[in-house]
Participant: 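Here's a structure for you.
Heavy-atom basis, side chains included; hydrogens, waters and symmetry copies ignored.
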Amino acid sequence: MELLFAILGGLICGAIAHVLLPLRSTRGQLLGPTVGGITAAVLWEVLTWAGWQYDATWIWVVALVGAGVVALAAEWLLGRRRTANDAAFYESVKNRGGAGATRRA
């Protein structure tokens with residue numbers, strides 16, 4: 001049951017990360033909550049396998065703060081990368097003339 005609450009907390013931390021950071025239009029709305037939830041679940045399981053107790057404070061702090069930090073990093077990095085890639089694509093299309101240009105992955 002505690003794992004469910006840890007995942008829910010990670011989802012909330014990821015949603016907050018999505019709202020706090022700029023460039024929201026460059027990434028999906030579910031990226032932050034997904035990364036936060038997965039990170040919280042993984043951290044929770046690793047810490048319980050390491051012998052940390054469910055009712056201890058530090059397992060909650062590490063799982064939720066870790067989920068928030070990883071979600072913030074993912075949102076920030078992917079937002080900046082998307083902006084840079086869009087600018088590079090715009091420049092390449094502008095230099096080619098733009099008509100009929102296709103995007104290459």
Side-chain angles (χ1 to χ4, degrees):
M1 190 66 168
E2 288 85 1
L3 176 61
L4 179 65
F5 291 132
I7 293 171
L8 180 62
L11 292 170
I12 292 169
C13 289
I16 291 170
H18 177 73
V19 172
L20 286 178
L21 292 177
L23 303 173
R24 281 187 284 280
S25 63
T26 61
R27 52 185 191 265
Q29 294 176 350
L30 295 179
L31 174 70
T34 302
V35 170
I38 291 171
T39 303
V42 170
L43 283 173
W44 183 268
E45 285 300 317
V46 167
L47 293 174
T48 56
W49 289 339
W52 291 28
Q53 298 299 314
Y54 296 148
D55 58 352
T57 303
W58 286 108
I59 192 170
W60 291 99
V61 171
V62 170
L64 296 179
V65 170
V69 168
V70 171
L72 281 169
E75 297 256 346
W76 183 72
L77 290 172
L78 291 176
R80 288 183 45 97
R81 182 175 178 191
R82 172 71 185 267
T83 303
N85 286 344
D86 286 351
F89 177 69
Y90 173 73
E91 288 298 321
S92 69
V93 169
K94 187 171 75 170
N95 292 337
R96 282 191 237 154
T102 60
R103 187 172 189 172
R104 293 185 183 187

Participant: Atom CG in L4, atom CE in M1: separation rounded to 0.5 Å?
Facilitator: 5.5 Å
Participant: Let me confirm one number: the CD1-CG distance from I7 to L64, rounded to the nearest 0.5 Å.
Facilitator: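 I7 CD1 to L64 CG: 11.5 Å, rounded to 0.5 Å.
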Participant: In terms of hydrophobic clusters joined by side-chain contacts under 4.5 Å, are W44 and L11 together?
Facilitator: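 In one cluster: yes.
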Participant: Using 0.5 Å steps for rounding, measure from the CZ atom of R81 to the OG1 atom of T26.
Facilitator: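 Result: 12.0 Å between the selected atoms.
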Participant: When you group the ILVMFWY residues by side-chain heavy-atom contacts below 4.5 Å and let the links chain together, are L72 and L77 in the same group?
Facilitator: yes
Participant: Under 4.5 Å between side-chain heavy atoms, hopping through other hydrophobics if needed: is there a path connecting V65 to I59?
Facilitator: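 Yes; I59 is reachable from V65 via cluster members.
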Participant: Which residue pairs pass the side chain to side chain donor-acceptor pair (under 3.5 Å) test with at least one member in residues 50-69, sequence neighbours excluded?
Facilitator: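 For residues 50-69: none.
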Participant: Would you list the pairs meeting salt bridge (charged side-chain N to carboxylate O under 4.0 Å, His left out) in which at least one residue belongs to residues 21-36, sequence neighbours left out?
Facilitator: R27-E75
Participant: Can you tell me how far the OG atom of S25 sits from the CG atom of L23, to the nearest 0.5 Å?
Facilitator: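 S25 atom OG to L23 atom CG measures 7.0 Å (nearest 0.5 Å).
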Participant: How close do A71 and G14 get, counting heavy atoms only, and between which atoms?
Facilitator: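 In terms of heavy atoms, the two residues are closest at CB-CA, 3.8 Å.
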Participant: Mind checking the CG-CH2 spacing from L21 to W76? Nearest 0.5 Å is all I need.
Facilitator: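 It comes to 9.5 Å.
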Participant: Let me check something: any side-chain donor-acceptor pairs from residues 28-43 under 3.5 Å, sequence neighbours excluded? List them with distances.
Facilitator:
| from | atom 1 | to | atom 2 | distance (Å) |
| --- | --- | --- | --- | --- |
| T34 | OG1 | L30 | O | 2.6 |
| T39 | OG1 | V35 | O | 2.7 |

Participant: With a 4.5 Å cut-off on side-chain heavy-atom distances among I, L, V, M, F, W and Y, is there a chain of contacts connecting L20 to I12?
Facilitator: yes
Participant: Taking a hydrophobic cluster as the set of Ile, Leu, Val, Met, Phe, Trp and Tyr residues connected by side-chain heavy atoms closer than 4.5 Å, whether directly or through intermediates, do L3 and V61 fall within one such cluster?
Facilitator: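 Looking at the clustering, V61 is in the same group as L3.
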